[in-house]
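The structure appears below as structure tokens.
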2 protein chains.
Amino acid sequence: MTHPSGTASQLGIIACRGSRTALATPRQRRGSQRVTMGDVARIAGVSPSTVSLYLRRPDEVSEQRGQRIQAAVERLGYLPNTMAGGLASSRSRIIGVLVPTISNSFFAATLDTLEKRLREAGYQLLIGNTEFDEAREEELVRSMMSWSPAGLVMTGFRHGRRTVSMLLDSDIPLVEMWDYGQPALDMVAGFSHYATGQLIARHLLERGYRDTAFISPSFSRDVRAGERYRGFQEGMEQGGARVTMRELGGATDTAEAGALLSELMAERPSISAVFCANDMVALGVMFECQRRGWEIPGRLAVAGFGNLEFTPNTVPPLTTVEPPKYEIGRQVAELLLARLGKSDAPGARQVDLGVRLITREST
Amino acid sequence: MTHPSGTASQLGIIACRGSRTALATPRQRRGSQRVTMGDVARIAGVSPSTVSLYLRRPDEVSEQRGQRIQAAVERLGYLPNTMAGGLASSRSRIIGVLVPTISNSFFAATLDTLEKRLREAGYQLLIGNTEFDEAREEELVRSMMSWSPAGLVMTGFRHGRRTVSMLLDSDIPLVEMWDYGQPALDMVAGFSHYATGQLIARHLLERGYRDTAFISPSFSRDVRAGERYRGFQEGMEQGGARVTMRELGGATDTAEAGALLSELMAERPSISAVFCANDMVALGVMFECQRRGWEIPGRLAVAGFGNLEFTPNTVPPLTTVEPPKYEIGRQVAELLLARLGKSDAPGARQVDLGVRLITREST
DNA sequence: TTGAAAGCGCTAACAA
DNA sequence: TTGTTAGCGCTTTCAA
């Protein structure tokens, strides 16, 4: 579980309220039978199929009847039954989206713009957490497919064998996001984490750092951090430099990063730069430096990944890589809508959104 | 738009990749007609309704036929059509959830546990961003209701008039979350932001601070921050102390907070403590103090709200209030499931989850 | 442009 | 325990 309360090294805790009350229900059930299209038709004096047509393509219905239908809809507060419509037409306006965890700020940002763009186009998001678990992913794909979704969005390229075959068997448009450069099932919107690692390597080499470290959450939880490491490590090695790697154990990146840094520097004091797998880890490293009075970048240079909200304001401002977290959402929506709009759309489109290196004073 | 690129005061930017390739589609459409329950029945040599029964209540079907059905399901890769099922039974296993923005880390955390608990119980989440906009909220409620959801979850108590009447007209179980203490439509799981403000007021008064400030994102975007301010303000006033309030303009809390603090302290140097509407603002304030060489809490005490991942590790560790962000998700799920499970469940339940004051060295 | 009729794939009485 | 029979509320031919 990700609940942080256990980790807080609080000096004092005061509980405030915490009551449970069962009140009389303030909601009065204004008993309501569901209003159907037939009811609207009766009130408007037309046939149900005319109502259906009006609702879907208003301009194919005469203006006079259209107005009568509109009035009836409003008077009755008619809400179409989407499931009936979906069943009859055998398609739905649902897009299923799978992320490892919604609460990861990167994915949350992507979901934000994705939801926005797709809602504007009349689609709705069915969201599931895979929790980095292939079995859960398979189960989720299965239950999303049972909705006959208009499209599916998944994170990364790693899926179970059975999941892949379900995906291939259907012809539901699929976008794999947040990664790029490996064999994909259909469409892709993301960027190369390997190239990101290389980008930072090049930067640190240019600035003359030769003895470096990489601190990261566990690769088993964050596959993409592992890819960044690969890129970084190979890049540094090619430049004749050295990388010491350390994985964090727990869930809270910032807290543990400080401790790990101390350990690492005690073992190998010659390290002069650290690339952190994300900005939260970098923040923990910077706090540790502050506590020890180590100058950044004088004693130790620090670089991160994410360009989180606070990174331009750390002391000193943090060098980092900005991933296209919002653009990914937009691009996924674009790909999906293009495919859904016209069947003559080009086949699988794979979009590399790239990243930006933001050089600040910490390196 | 929330895209941060404009704000980054980067010294240098290097774009890395950014290509668009239209590859030949690697997915081969293994043309697939949808397998129906009738197909399964035929293969298993039973009637469709027996298959239906088996899928819903396996123990009411004889073991022999059960196995034949199971085998047929697996052989055909049968996936039930949820829309047909939902239409026939006139209920769905969908829960609609409305949050202001998914990318807010508090709501994202809640969504995380909410999704987890509800998925375990066989429900799926349809998620929508209201973007603090009543019209959008109404539109979303409308489209969620058209799915005949099993339940609805909304953030806070503020809804448009028409939204409220739609909600009251339906008898869909509803939970309003992340707030407590105001008139609710049905069930509630949250905590009092007013009480939270008072809690911090009491704490600062105890420590002897009398001239204080409150720095916050705009109340129009964050209604609940406004409630915390009310509680804080009234609490301090009753203790004979003073509060100067400042609202931030932009979207990035950390960045602007530093500038605002400088301004504020220039105007009124006697201020000795700041309560920040959230930990991100507090972080910005702490960075500013670090830059100016102001000691915390000697020159200025700082308190936050959120107990975000990094707050135990700031220098010095930050006093803050921990909201039950994960518990809210769990509790919302509990309320919904209790109501959905048995119709004899008690009426509207309103649960105050409370908060914890975590006293650290910054005050 | 409008309406009648036939399903979409399942669930839920009910009868066997 | 199993099968038969009607729908659920829409969309979609097809004819008028």
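All chains are named by letter (A, B, ...) in the order of the sequence lines, taking the proteins before the strands, and each is independently numbered beginning at 1. Computed over heavy atoms, backbone and side chain alike; hydrogens, waters and symmetry mates excluded.
The A:T36 side chain lies nearest to D:dG9 when the options are D:dG3, D:dG9, C:dG3. For A:S89, counting side-chain heavy atoms from C-beta on, the closest listed nucleotide (D:dT12, C:dG9, D:dC10) is D:dT12. Considering only the side chain of B:R65, D:dT2 comes nearest among C:dA12, C:dT11, D:dT2. Of the candidates D:dC8, C:dA12, C:dC8, C:dC8 carries the atom nearest the A:A88 side chain, counting heavy atoms from C-beta on.
Of the side-chain N and O atoms in A:S52, one or more sit less than 4.0 angstrom from OP1 or OP2 of D:dT11. Between A:S47 and C:dG3, a side-chain N or O to OP1/OP2 separation shorter than 4.0 Å is present. At D:dT12, one or more side-chain N or O atoms of A:R56 fall inside 4.0 Å of OP1 or OP2 (strictly under the cut-off). Contact annotation: A:Y78 side-chain N/O to D:dC10 OP1/OP2 distance is under 4.0 Å. Using a 4.0 Å cut-off, some side-chain N or O of A:S62 falls inside it from OP1 or OP2 of C:dT2.
Nearest-nucleotide mapping onto DNA chain D: of B:G45 and B:S90, the residue sitting toward the 5' end is B:G45.
Rounded to an integer number of Å, the gap from B:M83 CE to C:dC8 C1' is 9 Å. Per the geometry, CH2 belonging to B:W147 stands 16 Å off P belonging to D:dG9, to the nearest Å. Between the CG atom of B:L87 and the C1' atom of C:dC8 there is a distance of 9 Å, given to the nearest Å. We find that CG of B:L53 is positioned 8 Å from P of D:dT2, with the value rounded to whole Å. Between the CD atom of B:E63 and the C1' atom of D:dT1 there is a distance of 14 Å, rounded to whole Å. Note: OH (A:Y54) to P (D:dT12) measures 18 Å, nearest angstrom. In this structure, the CD atom of B:E60 is 14 Å from the P atom of C:dT11, given to the nearest Å. The CZ atom of B:R42 sits 19 Å away from the P atom of D:dT2 (whole-angstrom rounding).
Looking at B:R57 and B:E60, a side-chain N of the basic residue comes within less than 4.0 Å of a carboxylate O on the acidic one, giving a salt bridge. Taking 4.0 Å as the cut-off between side-chain N and carboxylate O, B:E334 and B:R117 count as a salt-bridged pair.
Within a 6.0 Å sphere centred on CZ of A:R158, other residues, nucleotides and ligands contribute 12 heavy atoms or fewer. B:E120 CD: more than 12 foreign heavy atoms inside a 6.0 Å radius. Around atom CZ of B:R142, more than 12 heavy atoms belonging to other residues, nucleotides or ligands sit under 6.0 Å away.
For D:dG3, the base has no donor-acceptor partner in the side chain of B:T50 [N/O atoms by modelled type, under 3.5 angstrom].
Residue-level contact check: A:R91 touches the backbone only, with heavy atoms under 4.0 Å from sugar-phosphate atoms and none from bases.
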